[in-house]
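Working notes, structure below.
Because only heavy atoms are used, hydrogens play no part in the values below, and waters and symmetry mates are left out as well, while side chains stay in. So you know, we letter chains A, B, ... as the sequences are listed, proteins then strands, and number each from 1.
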Amino acid sequence: MRLSRYFLPVQKETPAEAEIVSHRLMLRAGMIRQASAGIYSWLPLGYKVLRKIEDIVHDEQQKAGAIPVLMPTIQSADLWKQSGRYDDYGAEMLRIKDRGDREMLYGPTNEEQITEIAGAGIRSYRDLPRILYHIQWKFRDEVRPRFGVMRGREFLMKDAYSFDLDKEGARASYNRMFVSYLRTFERMGLKAVPMRADPGPIGGDMTHEFLILAETGESGVFLDRDLAELTLGDSAIDWEDAPALQETVDRYTASYARTDETHEEAVFESEIPEDRRLMARGIEVGHIFYFGSKYSKPLNATVNTPDGEVVPFESGSYGIGVSRLAGAIIEASHDDKGIIWPEAVAPFEVAVINLRQGDTEADGACADLYAKLTARGLDVIYDDRDERAGAKFATIDLIGIPWKLVVGPRGLKEGVVELVNRRTGETENLPPEDAMNRLAATYGRA
RNA sequence: CGGAGCGUGGCGCAGCCUGGUAGCGCACCUGUUUUGGGUACAGGGGGUCGCAGGUUCGAAUCCUGCCGCUCCGACCA
């Protein structure tokens, strides 16, 4: 993309309403624009990031065996009355009426809907287990939306739902999602730690929140430092190997990790030696829990067992805040110049910066680099605006492009261009071919 | 939902108290200049002053009502 033809309304000044850094940077970088309280339009740059996050979530869900569907945003009130949540949910649920005066709602979540779908489509234990998921916009009429997309009223969420015959099966599904989440967040360049959540009335140990460690996080977190060091890395995962998945889950839940909601100082201090006690802040980006037959029972979603019995599904649900992640990643990765995108979710993979727009040689070299990098499958933003070098650097750093390829007459005279890493600031002078090879290798392209 | 505050060109703000031709910075357009980390100068375009009603010769400014938005706290992917 040539920046001169793109739609990138960046701002030098920070809009007054933005309080936290991700919100400020998203507005300044022209990623989003507020439509009304807690509701945002996603501008081209923001939309690209959102799509990249979505793609990773889709990919990892399906690798873990979950099956994509798409349920509507507008739901009938009927199912919610049947599950008992129509009255329970309260003012957070946006209720609307259609022209026939039928009660509808903008879905805040989809347990009822998916349970109805699974109940109708799954009749036998032979059809189990199944995990269905979708990525869809939700609406929760929060009393106080804030922090931009981190706590919007309208938000994009991945929600998966598992259906099993018994609790043991449900645990296996839970573990799949657990490990899938570890991999998903890691792929986005994030350090997300699973923490024991409040099980509520269901009870049990099968509920975890996944929190990104970030100084500006909303929740206080208390954990064993060793847990924060764990990574899956490139290790292969056999999604059919239930014991191995259980082992991974055990490894990640072996030690103390809780948010301030469930934190118990005495337990923390007795279980974790002082030098390993990590107290930090975190942002919740995922939440998984097992809820048994909470919805299948009232909605009468049942299967036949091998013995010919009829039983309700054992289920769990598994959420990832997709739109929230866009903000959360920024909270976890920025500096005073702007955003620093992890390569996996960057809106563009590399920026070509022409230091002397209008200089025949520089223009030619840049056009050449842009064409060749693009041909090699890299997503390039070419800053070909008629701006001074400083303005270009400021813009590209603000929007957080991981690599800059800086091209000017001086370097070209020496036969080199500059390859600059956004995160480290490390700069290398390389012949253009070498720089391109380096970038292609970094991103795993030919 | 309790408390506080704000609505004036795309963004950041002043003007309001004490009513009298709507202003500044950024951004934008034109020209000159400059050109390796947000150049400088000159000229220019753009605003129903959130909405409605009222007071007044005259309202961004005073009064009333409404709407929108933000922040702090209690609650949440």
Side-chain angles (χ1 to χ4, degrees), chain A residues 7-20 23-24 27-30 33-39 43 57 89-93 107-111 135-160 181 197-198 200 207-212 218-219 259 261 283-289 317-328 337-338 353-359 362 383 385-398 404 406-414 416-418 420 425 427 429:
Chain A
F7 184 78
L8 185 69
V10 296
Q11 287 167 216
K12 245 187 215 181
E13 279 166 298
T14 302
E17 77 269 14
E19 197 55 30
I20 63 166
H23 191 193
R24 284 200 290 264
L27 290 167
R28 285 193 54 211
R33 185 169 173 84
Q34 181 167 325
S36 64
I39 302 177
L43 307 186
V57 173
Y89 220 91
E92 229 178 65
M93 187 157 71
T109 177
N110 291 75
E111 278 86 1
I135 297 180
Q136 178 63 290
W137 292 93
K138 306 286 190 285
F139 193 91
R140 294 185 191 171
D141 202 355
E142 297 271 350
V143 280
R144 194 179 159 209
R146 59 185 127 171
F147 305 149
V149 300
M150 300 264 288
R151 182 168 307 292
R153 292 194 292 173
E154 187 184 52
F155 59 97
L156 190 61
M157 180 165 104
K158 188 283 297 183
D159 40 325
Y181 276 31
D198 181 3
T207 177
H208 287 88
E209 297 175 336
F210 288 75
L211 285 99
I212 293 175
E218 280 190 84
S219 318
T259 67
E261 268 178 33
I283 302 165
E284 185 185 350
V285 290
H287 194 168
I288 62 179
F289 50 93
S317 79
Y318 314 90
I320 290 180
V322 175
S323 49
R324 169 180 285 186
L325 269 167
K337 287 188 235 166
I353 294 188
N354 189 345
L355 292 171
R356 285 285 287 274
Q357 208 68 43
D359 177 275
D383 193 345
R385 293 173 303 165
D386 189 17
E387 290 282 354
R388 293 169 59 92
K392 294 189 179 188
F393 285 123
T395 298
I396 297 300
D397 286 344
L398 172 64
K404 289 188 286 283
V406 182
V407 182
R410 284 187 210 162
L412 289 174
K413 220 165 274 169
E414 313 289 320
V416 296
V417 295
E418 264 178 49
V420 186
T427 301
N429 288 304

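Pairing for B:G68 is with B:C6, a Watson-Crick or G-U wobble pair whose two hydrogen-bonding atom distances lie under 3.5 Å. Remark: B:G25 base-pairs with B:C11. Criterion, Watson-Crick or G-U wobble with two distances under 3.5 Å. Nucleotide B:U61 forms no Watson-Crick or G-U wobble pair with any nucleotide shown, as no partner meets the under 3.5 Å limit on both distances. Nucleotide B:U55 forms a pair with no other nucleotide shown, judged by Watson-Crick or G-U wobble geometry with both contacts under 3.5 Å. B:U32 is paired with B:A40 under the criterion used here, namely a Watson-Crick or G-U wobble arrangement in which both key atom distances are under 3.5 Å. When Watson-Crick and G-U wobble pairs are counted only if both distances are under 3.5 Å, B:G45 pairs with no nucleotide at all.
Counting heavy atoms from C-beta on, the side chains of A:Thr395 and A:Glu387 never come closer than 4.5 Å. Side-chain contact between A:Pro108 and A:Glu92 is absent, with no heavy atoms from C-beta onward closer than 4.5 Å.
Between the C1' atoms of B:U61 and B:G7, the separation comes to 15 Å (whole Å). The C1' atoms of B:G25 and B:A14 are separated by 11 Å, rounded to the nearest whole Å. When the C1' atom is used for both B:G43 and B:G38, the distance is 23 Å, rounded to whole Å. Nucleotides B:C28 and B:C17 are separated by 35 Å at their C1' atoms, to the nearest Å.
A:Glu387 contributes no side-chain N or O that forms a donor-acceptor pair with the base of B:G38 under 3.5 Å. Counting atom types as modelled, A:Glu13 pairs a side-chain N or O with a base atom of B:G25 as donor and acceptor under 3.5 Å. Counting atom types as modelled, A:Arg146 pairs no side-chain N or O with a base atom of B:U70 as donor and acceptor under 3.5 Å.
The listed nucleotides are B:A77, B:G37, B:A74; the one nearest the side chain of A:Ala389 is B:G37. Proximity note for A:Gln34 (side chain, C-beta onward) versus B:C69, B:C71, B:G10: the nearest is B:C69.
Across all strands, A:Gly408 comes closer than 4.0 Å to base atoms (heavy-atom distances). Counting any heavy atom pair closer than 4.0 Å across all strands shown, A:Asp359 reaches no nucleic acid atom.
Taking a centre distance below 5.5 Å and an interplanar angle below 30 degrees as the stacking criterion, A:Phe155 stacks against the six-membered base ring of B:A77.
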Between the protein and nucleotides 29-32 of chain B, which nitrogen or oxygen pairs come in under 3.5 angstrom?
none

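The side chain to side chain contact (heavy atoms under 4.5 Å, CB included) test with A:Pro15 singles out one residue from A:Gln34, A:Arg33, A:Arg28, and that residue is A:Arg28.
Remark: A:Arg140 is not in phosphate contact with B:C75, judged by side-chain N or O atoms under 4.0 Å from OP1 or OP2.
In terms of position on RNA chain B, the residue among A:Glu209 and A:Pro409 whose nearest nucleotide sits closer to the 5' end is A:Pro409. Each of A:Gly321 and A:Pro15 was assigned the nucleotide of RNA chain B with the nearest heavy atom; the assignment lying further toward the 5' end belongs to A:Pro15.
What separates NZ of A:Lys12 from C1' of B:U39 is a distance of 11 Å, to the nearest Å.
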